[in-house]
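Here's the structure, in structure tokens; my notes come after.
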There are 2 protein chains.
Amino acid sequence: MTTTIKDVAARAGLSVMTVSRVLNGERHVSDQARDKVQEAIEALGYRRNVFARGLPGSRSFLIAMLIPEIIPDYVAEFQQGAVEQCRSAGYHLVVQPFDSRTGMAAQAVAAAVASLRPDGFLLIPPVSDDLAVLDTLDEAGVPYARLAPSVQPQRGASVAVDEVEAARAMTSALFELGHRRIGFIGGPPDHGASAWRLEGYRRALAECGLAADPQLIAPGDFLFATGEAGAEALLGLAEPPTAIFAGNDDMALGVMATAQRLGLSVPGDVSVAGFDGGEISTLTWPQLTTVRQPVQAMAAAAADAVIGMVDAGTMQGPARRLDFTLLLRASTAQAA
Amino acid sequence: MTTTIKDVAARAGLSVMTVSRVLNGERHVSDQARDKVQEAIEALGYRRNVFARGLPGSRSFLIAMLIPEIIPDYVAEFQQGAVEQCRSAGYHLVVQPFDSRTGMAAQAVAAAVASLRPDGFLLIPPVSDDLAVLDTLDEAGVPYARLAPSVQPQRGASVAVDEVEAARAMTSALFELGHRRIGFIGGPPDHGASAWRLEGYRRALAECGLAADPQLIAPGDFLFATGEAGAEALLGLAEPPTAIFAGNDDMALGVMATAQRLGLSVPGDVSVAGFDGGEISTLTWPQLTTVRQPVQAMAAAAADAVIGMVDAGTMQGPARRLDFTLLLRASTAQAA
DNA sequence: TGAGTGATTGACAACGTTATCAGTGAAGCT
DNA sequence: AGCTTCACTGATAACGTTGTCAATCACTCA
């Protein structure tokens, strides 16, 4: 037998409606009634039933988040920030799996919306750039917050760091360490981040008066293996780079592994820098120089934005930009 | 305007109850009626509303999972397996944050049960050994599956690998590589895994006829930093070990980092082995020798077990034991 | 042929909450 | 005093689904 509003109302000697009003913090409730209800709630250990709450159609108090079949580090960190923010606002986070290989994210979203009626959606790359998903949510009237959107960034709410500037700053920092041949390993084309980071790299080279040698740019897909491959290509050049800036941390680890396998010292023979600043970047020796994105804070901001949109009944949310941090650690050093 | 069972019933020319029966795959529905309903569902793009479904008290089709404020690698992997299994069984996974430092897991569980009415709970260490949590769930009649339980393992369903045997096998493998002084770094006391892995290590030493030198056992807490500290202690001994078996992968990475910092080669001067076999163990050079636990499969088994208990209406579930794999990789080598 | 059986179907109530609307006083205004 | 306004409260009807029970129909069996 679970306790319901009725039980609380009976104990407080009031109607269920008054109890409901207290629970929702509405006006037009006397302090006396409020106190009685509070007492009854505490005494009975009452908790609202989410189902009954969402049934009348107004709200479900559920925020949904799509997660890919492989959870990268930053997704876990994002989820952590999101779930905490949801909890403190009285919402629950439901994770929805989807197969990123099929590219049917919009269908997964539609299914989730229809069966779960979430009040809001949290979108992380590359789904945050999937226009079919945005259309689906717009049509359903479900507000959403996007992490690092690169196409039509004005739609919904968004949270991002200035990745172009971050990549520029990192490249520039390598220049200031004396590096004149700086390699770059890019990301997959469906991530807006790939283009931003490359652009920042290019911009820095131009600023520093370095020629943009296309040989120094290797393709990648944000996975360890392509970091290894990229490093092999770059370090095998007739005139190899003295520093390699990988588009993310996983690839940077691949670069470090390859360098060490080739008998090169990091940072003695080659400096290595990454991007993201997840926990993994601290679990190596030498510790990885990287750009830290405050993923958890970004997630909290995203959840906050989407909940605000629910309250306001709008599909348009703020575009927040958080600060990145350059973490210059032991994997980079003065050029020889 | 969302489509409801009513709409489907109207289009099919049947009652809502018949539609409900079709949706739930019940008997006593004619093939003709079934077809008409199916057609109407497809045509209208109808999806069941989870809230209305859970409201009558039968089921919520929600499985809850408690996650700590820091998500280790294996938790993300577990979640991945769980969410996928839930989806294919028509359930949704709700993640519930809790502050592991306060030790109030039982309260978080009680709150989740009251407001969410989940059909089942998934418990990961160390919460899977929290008896207050089990009591709470027993009292609420919510079935649960436990990952690697060490106390009162018969309660609820459980999924585990034989960690004692795994640790014994790994230690034994190091012995067979010629190592005679094998160090061990333990885990936190509130993880049953800590005791199991130490026990396996001890058992192997006894089997191989090696003396159990207490100096060779360093304390740890499954974090990178204590791997570093443990390695420092062990490698600083007058007679240092030629191999170090860390209680998990994070600490093993700490050992590798420390060895490299001290100018020792891995595996040339010291072999390093870990435990867990998460993705991280492949992102280093040399790649880490470790025990792989099939965490994702374990999660699927756990979700499967708990859903089976929901169907059967029982609080008692199967105790499944999955196979581990010894991954002998480049961080271990023949003793000098 | 009449009773019994089993399959199929539908009407109606219930689940716990919130939305809507209609009260009840008390206070403020003319 | 009579009128309006405002703060507070409660009765009742939803919300979309499933559980319960009764009704219908086609058979089978004696």
Side-chain angles (χ1 to χ4, degrees), chain A residues 1-37 40-41 44-62 90-92 113-117 119 310-311 313, chain B residues 1-37 40-41 44-62 90 92 113-119 310-311 313:
Chain A
M1 230 6 44
T2 59
T3 63
T4 75
I5 271 201
K6 246 180 176 161
D7 303 323
V8 175
R11 187 185 165 102
L14 293 161
S15 73
V16 291
M17 212 38 233
T18 303
V19 176
S20 174
R21 274 189 267 261
V22 172
L23 288 168
N24 292 313
E26 287 175 27
R27 286 184 309 274
H28 304 316
V29 179
S30 67
D31 291 347
Q32 189 191 9
R34 206 176 292 274
D35 290 346
K36 271 199 256 178
V37 170
I41 288 174
L44 268 43
Y46 166 78
R47 315 257 185 186
R48 280 222 274 311
N49 180 324
V50 178
F51 292 90
R53 209 179 171 196
L55 190 50
S58 56
R59 305 235 201 130
S60 65
F61 295 91
L62 254 36
Y91 283 72
H92 296 274
V113 167
S115 78
L116 225 41
R117 316 268 156 117
D119 287 341
V310 174
D311 288 337
Chain B
M1 233 7 40
T2 59
T3 63
T4 76
I5 274 201
K6 242 178 178 165
D7 303 323
V8 175
R11 189 187 164 101
L14 293 161
S15 74
V16 290
M17 210 41 230
T18 303
V19 176
S20 174
R21 274 189 269 262
V22 172
L23 288 168
N24 292 314
E26 287 176 25
R27 286 185 308 277
H28 304 316
V29 178
S30 67
D31 290 347
Q32 189 193 10
R34 208 177 290 276
D35 290 346
K36 272 199 253 177
V37 170
I41 288 174
L44 269 42
Y46 167 76
R47 314 258 185 184
R48 282 226 265 325
N49 180 326
V50 179
F51 292 89
R53 210 178 170 195
L55 190 49
S58 54
R59 304 233 202 130
S60 66
F61 294 91
L62 254 36
H92 296 273
V113 167
S115 77
L116 229 39
R117 314 273 155 113
D119 288 340
V310 174
D311 288 338

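Chain letters run A, B, ... following the sequence lines, proteins first, then strands; residues in each count from 1.
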Donor/acceptor link under 3.5 angstrom from Arg21(B) side chain onto base of dG10(C):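 Such a pair exists between side chain and base.
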Using whole Å, report how far [atom1] of [X] lies from [atom2] of [N].
X: Lys6(A); N: dG16(C); atom1: NZ; atom2: P; result: 8 Å
X: Met17(B); N: dA11(C); atom1: CE; atom2: P; result: 12 Å
X: Phe51(A); N: dT17(D); atom1: CZ; atom2: C1'; result: 12 Å
X: Leu14(A); N: dC8(D); atom1: CG; atom2: P; result: 13 Å
X: Leu55(B); N: dA14(D); atom1: CG; atom2: P; result: 17 Å
X: Arg34(B); N: dT9(C); atom1: CZ; atom2: C1'; result: 13 Å
X: Glu26(B); N: dG6(C); atom1: CD; atom2: P; result: 19 Å

Using the side-chain contact (heavy atoms from CB on, under 4.5 Å) rule, take Asn24(A) and Arg53(A) through it: C-alpha gap first, then chi angles, then the decisive distance, then the call. CA-CA 11 Å; Asn24(A) 292 313; Arg53(A) 209 179 171 196; 3.7 Å; yes
On DNA chain C, check which nucleotide each of Val19(A) and Arg27(B) is closest to and give me the residue with the more 5' one.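 Its nearest nucleotide being more 5', the pick is Arg27(B).
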Establish, with yes or no, whether the OP1 or OP2 oxygen of [N] is under 4.0 angstrom from a side-chain nitrogen or oxygen of [X].
X: Ser30(B); N: dT9(C); value: yes
X: Ser20(B); N: dT18(D); value: yes
X: Ser15(B); N: dG10(C); value: yes

Which nucleotide sits closest to the side chain of [X]: [options]?
X: Arg53(B); options: dT8(C), dG16(D), dT18(D); value: dT18(D)
X: Thr18(B); options: dT18(D), dG10(C), dT9(D); value: dG10(C)
X: Asn24(A); options: dT8(C), dG16(D), dT18(C); value: dT18(C)
X: Tyr46(A); options: dT17(D), dT17(C), dT18(C); value: dT17(C)
X: Arg48(A); options: dA11(C), dT17(C), dG16(D); value: dT17(C)
X: Ala52(B); options: dT18(C), dA19(C), dT17(D); value: dT17(D)

For Val16(A), report the nucleic acid contact type (base, sugar-phosphate, nothing); a contact means any heavy atom under 4.0 Å. nothing
What closest approach, in Å, do Lys36(A) and Ala12(A) show between heavy atoms, and which atom pair accounts for it? CD-O, 3.5 Å
Of all the heavy-atom pairs spanning Val8(A) and Ile41(A), show the shortest one and how long it is.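 Minimum heavy-atom contact is CG1-CG1, 3.9 Å.
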Run the numbers on Ile5(A) and Leu23(A) for side-chain contact (heavy atoms from CB on, under 4.5 Å), then give the verdict. CA-CA 10 Å; Ile5(A) 271 201; Leu23(A) 288 168; 3.7 Å; yes
Let me see the working for Val19(A) and Tyr46(A) under side-chain contact (heavy atoms from CB on, under 4.5 Å), right down to the final yes or no. CA-CA 11 Å; Val19(A) 176; Tyr46(A) 166 78; 5.5 Å; no
Which residue lies more 5' along DNA chain D, comparing Leu23(B) with His28(A) via nearest heavy atoms: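 Final value for this comparison: His28(A).
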Assuming nearest nucleotide by heavy-atom distance, tell me which of Ile5(B) and Gln32(A) is located more 5' along DNA chain D.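 Its nucleotide being nearer the 5' end, the pick is Gln32(A).
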Decide if atom CD of Gln32(B) counts as having more than 12 heavy atoms of other residues, nucleotides or ligands within a radius under 6.0 Å.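 No - once you tally the heavy atoms of other residues, nucleotides and ligands closer than 6.0 Å, there are 12 at most.
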